Undergrad: 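Next up is a structure, given as structure tokens.
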Amino acid sequence: MDLRFLNRPIEDLWAHAYVMFVFQRPGITDEVFSDINDIMGGSLEDLICRGFWTGETGENLLLATQNTLMADKLLLRGLGTREEFSAEL
């Protein structure tokens with residue numbers, strides 16, 4: 001497995017899969033989340049509004065990007081609320 005952590009625009013990155021670590025109830029104002037949501041035609045926001053994915057700690061959602069991104073899959077990993085988040089293992 002080849003893991004790379006980069007700080008570049010998502011439109012410039014090709015990968016088999018993207019992984020996004022997302023806080024619970026992400027606002028559409030979160031820049032990266034908002035950008036990917038826009039690229040995917042609002043589907044991420046729709047899934048959250050319908051209660052299909054909440055971003056609770058440890059919650060995962062694997063999506064096929066259907067050629068909207070330069071990756072085959074998008075994995076959302078819930079981090080819980082910002083207030084309760086801890087980077088400690």
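On a predicted model such as this, the values are computed, not experimentally measured, just so you know. Here, residue 1 is the first one in the sequence, and each next residue gets the next number.
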Undergrad: Could you state the interatomic distance from OG1 (Thr68) to CG (Asn37), rounded to the nearest 0.5 Å?
TA: 10.5 Å
Undergrad: Do you know the tightest heavy-atom contact between Ala64 and Met40?
TA: O-CE, 4.3 Å
Undergrad: Which atoms form the tightest heavy-atom contact between Phe33 and Val22, and what is the distance?
TA: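 In this case the closest contact between Phe33 and Val22 is CD1-CG1, 4.3 Å.
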Undergrad: Kindly give the heavy-atom pair with the smallest separation between Leu69 and Thr65, and that separation in Å.
TA: CD1-CG2, 3.8 Å
Undergrad: Taking atom CG as the centre, does Asn67 end up with more than 12 heavy-atom neighbours from other residues, nucleotides or ligands that are less than 6.0 angstrom away?
TA: no
Undergrad: Could you measure the distance from the CD atom of Gln66 to the NZ atom of Lys73? Nearest 0.5 Å is fine.
TA: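 Separation between the atoms: 9.5 Å.
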Undergrad: In this structure, which one of Leu74, Leu76, Leu75, Val19 forms a side-chain contact (heavy atoms from CB on, under 4.5 Å) with Leu62?
TA: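 The single option meeting the side-chain contact (heavy atoms from CB on, under 4.5 Å) with Leu62 is Leu75.
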Undergrad: Has Glu59 got a side-chain atom pairing as donor or acceptor with Thr54's backbone, closer than 3.5 angstrom?
TA: yes
Undergrad: Taking Leu13's backbone N and O only, do any of them form a donor-acceptor pair with Tyr18's side chain (distance below 3.5 Å, no angle check)?
TA: yes
Undergrad: Please report the closest heavy-atom contact between Phe23 and Leu79, naming both atoms and the distance.
TA: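 Shortest heavy-atom contact: CD2-CB, 3.9 Å.
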